[in-house]
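Structure first, commentary second.
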Amino acid sequence: MKEKELRRSMAVFTIGTVMKLTDLTARQIRYYEEQGLIEPQRTETNRRMYSLDNVDRLLEIKDYLAEGLNMTAIRRIYDEKQHKSKRPQEVKEHHLTDDDVRRILYKELLNTSSFNPNDTTSWNKNL
DNA sequence: ATTCTAACA
DNA sequence: TGTTAGGA
């Protein structure tokens with residue numbers, strides 16, 4: 001099952017095709033790279049080359065953005081994952097990753113200023 | 001024709 | 001984020 005991983009990580013798309021595939025503007029795609037969300041390869045002429053994994057992540061980012069999250073919030077989500085994959089000890093929480101993301105999302109929504117947690121009653125109590 | 005960086009009437 | 005200038 002390693003051939004598959006190789007292909008998904010193989011950079012074969014130009015920013016132009018990624019734009020069509022993700023419906024994002026070149027500006028956004030480059031900006032998300034600046035934020036450390038993706039790391040496309042570069043050709044000898046400095047052109048960006050994206051892999052399927054890169055495209056998938058961009059689509060995820062687009063979803064998070066649609067849910068009202070800001071860059072710092074999204075950045076944290078991927079940073080958390082990176083931390084966990086580097087800690088073989090915490091096997092326990094490896095299974096809660098998906099739910100963890102959910103919690104992070106809500107927590108960040110509070111800082112997105114589009115909500116008033118002040119007078120809302122109980123949905124955010126145990127976050 | 002495409003993409004890149006930098007910058008903002 | 002959009003857009004544009006000036007290069008590659």
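Every chain is numbered from 1, with letters handed out A, B, ... down the list of sequences.
- Reading DNA chain C from its 5' end, the first and the last nucleotide to sit under 4.0 Å from a heavy atom of chain A are C:dT1 to C:dA8.
- Less than 4.0 Å separates DNA chain C from no heavy atom of any residue of residues 10-17 of chain A.
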Problem set entry | Pair assignment for DNA chain B - dot-bracket with | for other-strand partners, Watson-Crick or G-U under 3.5 Å | .|.|||||.
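- Using a 4.5 Å cut-off on side-chain heavy atoms (C-beta onward), A:M49 and A:T14 make contact.
- Residues A:Y32 and A:R57 have side chains not in contact (no heavy-atom distance under 4.5 Å, counting atoms from C-beta outward).
- Residue A:R42 qualifies as enclosed at atom CZ: its count of foreign heavy atoms under 6.0 Å is above 12.
- Looking at A:I61 and A:Y78, their side chains come closer than 4.5 Å, going by heavy atoms from C-beta outward.
- For A:T45 and A:L24, each mapped to the nucleotide of DNA chain C holding its nearest heavy atom, the one lying further toward the 5' end belongs to A:L24.
- Near DNA chain C, meaning a heavy atom under 4.0 Å from it, residues 28-37 of chain A has A:Q28, A:Y32 in order of number.
- With hydrogens and angles ignored, the 3.5 Å screen pairs no side-chain donor or acceptor of A:R75 with any backbone N or O of A:G36.
- Residues A:R7 and A:L52 form no side-chain contact, since every pair of their non-hydrogen atoms from C-beta on lies 4.5 Å or further apart.
- Other residues, nucleotides and ligands place more than 12 heavy atoms under 6.0 Å from the CD atom of A:Q35.
- A heavy-atom distance below 4.5 Å is not found between the side chains of A:L24 and A:V18.
- Judged as a salt bridge (charged side-chain N to carboxylate O under 4.0 Å, His left out), and not counting sequence neighbours, A:D23 has no contacts.
- With contacts defined as side-chain heavy-atom distances shorter than 4.5 Å, the pair A:Q28/A:L58 does not qualify.
- The side-chain contact (heavy atoms from CB on, under 4.5 Å) test applied to A:S51 returns A:D53, A:N54, not counting sequence neighbours.
- Here the CG-CG distance, from A:D63 to A:L69, works out to 10.5 Å after rounding to the nearest 0.5 Å.
- One atom, CZ of A:R27, and another, P of B:dA6, lie 12 Å apart when rounded to the nearest Å.
- To the nearest 0.5 Å, atoms CG (A:D79) and CZ (A:R76) are separated by 9.0 Å.
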